[in-house]
S.K.: 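I'd like to ask you about the structure that follows.
The figures here come from the full heavy-atom set of this structure, side chains too, leaving out hydrogens, waters and symmetry mates. Just so it is clear, the structure is predicted and the values come from calculations on it, not from any experiment. Here is how names work: the chains are called A, B, and so on, in the same order as the sequence lines, proteins then strands, and each is numbered from 1.
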Number of protein chains: 2
Amino acid sequence: MDQDETDRSKEAGEQSAVRRTPSQRRSRERVERMLAAAVTLIERDGSDAMRMSDVAETAGVSIGSLYQYFPDKMAIVRSLAERCMIEGRSCVETELAKVQTCDELLQSWSSLVDSYYQMFLTRPVMRDIWCATQSDCRLRELELEDSRINARVLADVMARLKPDGERAQLEAVAFLIMQLCEATMRLAVSVDAAEGERLVETYKRMGISALRAALAR
Amino acid sequence: MDQDETDRSKEAGEQSAVRRTPSQRRSRERVERMLAAAVTLIERDGSDAMRMSDVAETAGVSIGSLYQYFPDKMAIVRSLAERCMIEGRSCVETELAKVQTCDELLQSWSSLVDSYYQMFLTRPVMRDIWCATQSDCRLRELELEDSRINARVLADVMARLKPDGERAQLEAVAFLIMQLCEATMRLAVSVDAAEGERLVETYKRMGISALRAALAR
DNA sequence: GTGTAATGTGAGCCATCCTCATATTTGTTA
DNA sequence: TAACAAATATGAGGATGGCTCACATTACAC
């Protein structure tokens, strides 16, 4: 069984945020408690300062239990990050699905950026996770993959609006826009609120003109 | 003396990459050896995997000597980062000093981006340092300050080309362009060469249109 | 040459991640 | 319900690596 997990994680590259899949309700609840404890601690001190022993204590489980489900410390952060990404992708898909015109696209995109920024402001844990992303190879890959998926969704819409556009080109623009969005968020939450807001506005203007340019004749 | 250092670092926020300033030639050379050793090890395994004991051994000094000059492991990375930033700022200043027209600005900026990208490709240590930036508060501040300085230089040129432009607005654009440049580099070196190059191109196009828009009537 | 300040050393302290042998709980079958 | 296997839980302690500190050595000033 353990063997099984290891193999799967090796080939799939994904999964493996958990080492053993919790099948009974008891263990599923405990895993939730562990993740919740991690959020609490990360919001208080940051993920670097978070100690595994504290996570265990806060969650009311033993160190051993923690390691039953998470192969290492970073796996906890990855797990939280994955949830954020899934949530984010769902927002992007929902918002972009209804787009019919270029103006609507710019509008939808702009509002996505706004709500994303709000998420960063209201959920401090996100900022930490997105920083941790940079120092963890696996997490970086996850984020890249996430951006690629979102970029594909955006490129789909763009392709609908400009059927003769070169697909690779559209996707490159969309991918960069997505990644620069992450970068802008990381930046905006590092400076004071007023400057942060202005940066997000500036980014939106850049993105809009990039989208316009990519969709133009 | 030690007291002095501590105080200065506390108030200045800067400096303090070194704990004790090497005044004799012998110690200055040793510090250089330590930094060189760190570069070697970071290029091989990354700064996370770099062990202080290895740095000491590679540099041919004792652990204690290392800690005479660097208060902690991150201080070494910070020290390397500062050197890169100083070098980068000098490039930016030199290149932008000769700009007289809008077209020349776009040309100079574009060539700066290109050479910066080349630096990332040819000096793997830079990628690692720029990643470490994200997880270190002090280093993040250094990078922000670096971007601000470069943004001011760029905004100066923009102001020359558009004397009636609102300064704060120009600087916001310039600052974001600088930061997104960092982000694009980090991204471009994380993907394969072909995609990396296309991303840099896309970024340049976005930057150019942002600069054009900011300078337009 | 003598004294002082600067510099160098490395054994070992300590925090923290993570393992593993063992104990407990749950679900299943007869 | 008893008996058994599979799943789950535990925490002492091994391993690693950052960092300290008491002491040794070297450079420099007079």
S.K.: Take the protein atom CG of B:Asp45 and the nucleotide atom P of D:dG17, then report the distance between them rounded to whole Å.
M.R.: 11 Å

S.K.: Any carboxylate oxygen within less than 4.0 angstrom of a Lys/Arg side-chain nitrogen, looking at A:Arg123 and A:Asp128?
M.R.: no

S.K.: Between B:Met52 and A:Arg30, which has a closest nucleotide on DNA chain D that is more 5'?
M.R.: A:Arg30

S.K.: Within the pair A:Arg51 and C:dC18, is there a side-chain N or O less than 4.0 Å away from OP1 or OP2?
M.R.: no

S.K.: Is the ring centre of B:Trp109 less than 6.0 Å from the ring centre of B:Tyr116?
M.R.: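 No, the ring centres sit 6.0 Å or more apart.
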
S.K.: Could you check how far CG of A:Leu66 sits from C1' of D:dG11, rounded to whole Å?
M.R.: 13 Å

S.K.: How long is the line joining OH of A:Tyr67 and C1' of D:dG11, in whole Å?
M.R.: 13 Å

S.K.: What I want to find out is whether A:Glu143 reaches A:Arg140 closely enough, with some N-O distance under 4.0 Å, to be called a salt bridge.
M.R.: no

S.K.: How about B:Glu57: does its CD atom have over 12 heavy atoms from other parts shown lying under 6.0 Å from it?
M.R.: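 Open.
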
S.K.: What closest approach, in Å, do A:Ser47 and A:Val77 show between heavy atoms, and which atom pair accounts for it?
M.R.: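 Minimum heavy-atom separation between A:Ser47 and A:Val77: CB-CG2, 4.2 Å.
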
S.K.: Quick check on D:dT26: is either OP1 or OP2 less than 4.0 Å from any side-chain nitrogen or oxygen of B:Arg26?
M.R.: no

S.K.: With a 4.0 Å limit, can you tell me whether A:Ser65 has a side-chain N or O closer than that to the phosphate oxygens OP1/OP2 of D:dT10?
M.R.: yes

S.K.: Take A:Ile63 and B:Ile63, find for each the nucleotide of DNA chain D with the closest heavy atom, and name the residue whose nucleotide sits nearer the 5' end.
M.R.: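 The residue mapped nearer the 5' terminus is A:Ile63.
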
S.K.: For A:Tyr69 and C:dT19, give me the distance from atom OH to atom P, rounded to whole Å.
M.R.: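 Going from OH in A:Tyr69 over to P in C:dT19 covers 16 Å.
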
S.K.: Base, sugar-phosphate, or nothing for B:Met74, non-hydrogen atoms under 4.0 angstrom?
M.R.: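 Nothing, no nucleic acid heavy atom in range.
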
S.K.: Could you check how far CG of A:Asp54 sits from P of D:dG11, rounded to whole Å?
M.R.: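 The answer, rounded to whole Å, is 15 Å.
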
S.K.: B:Phe70 CZ to D:dG18 P: how many Å, rounded?
M.R.: 15 Å

S.K.: Output the rounded distance in Å from CD (A:Gln68) to C1' (C:dC17).
M.R.: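 Whole-Å distance recorded here is 16 Å.
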
S.K.: Let me know, please, whether B:Met34 or A:Asp48 comes out on the 5' side of the other along DNA chain C by nearest nucleotide.
M.R.: B:Met34

S.K.: Send over the distance from B:Arg28 CZ to C:dA6 P, rounded to a whole Å.
M.R.: 14 Å

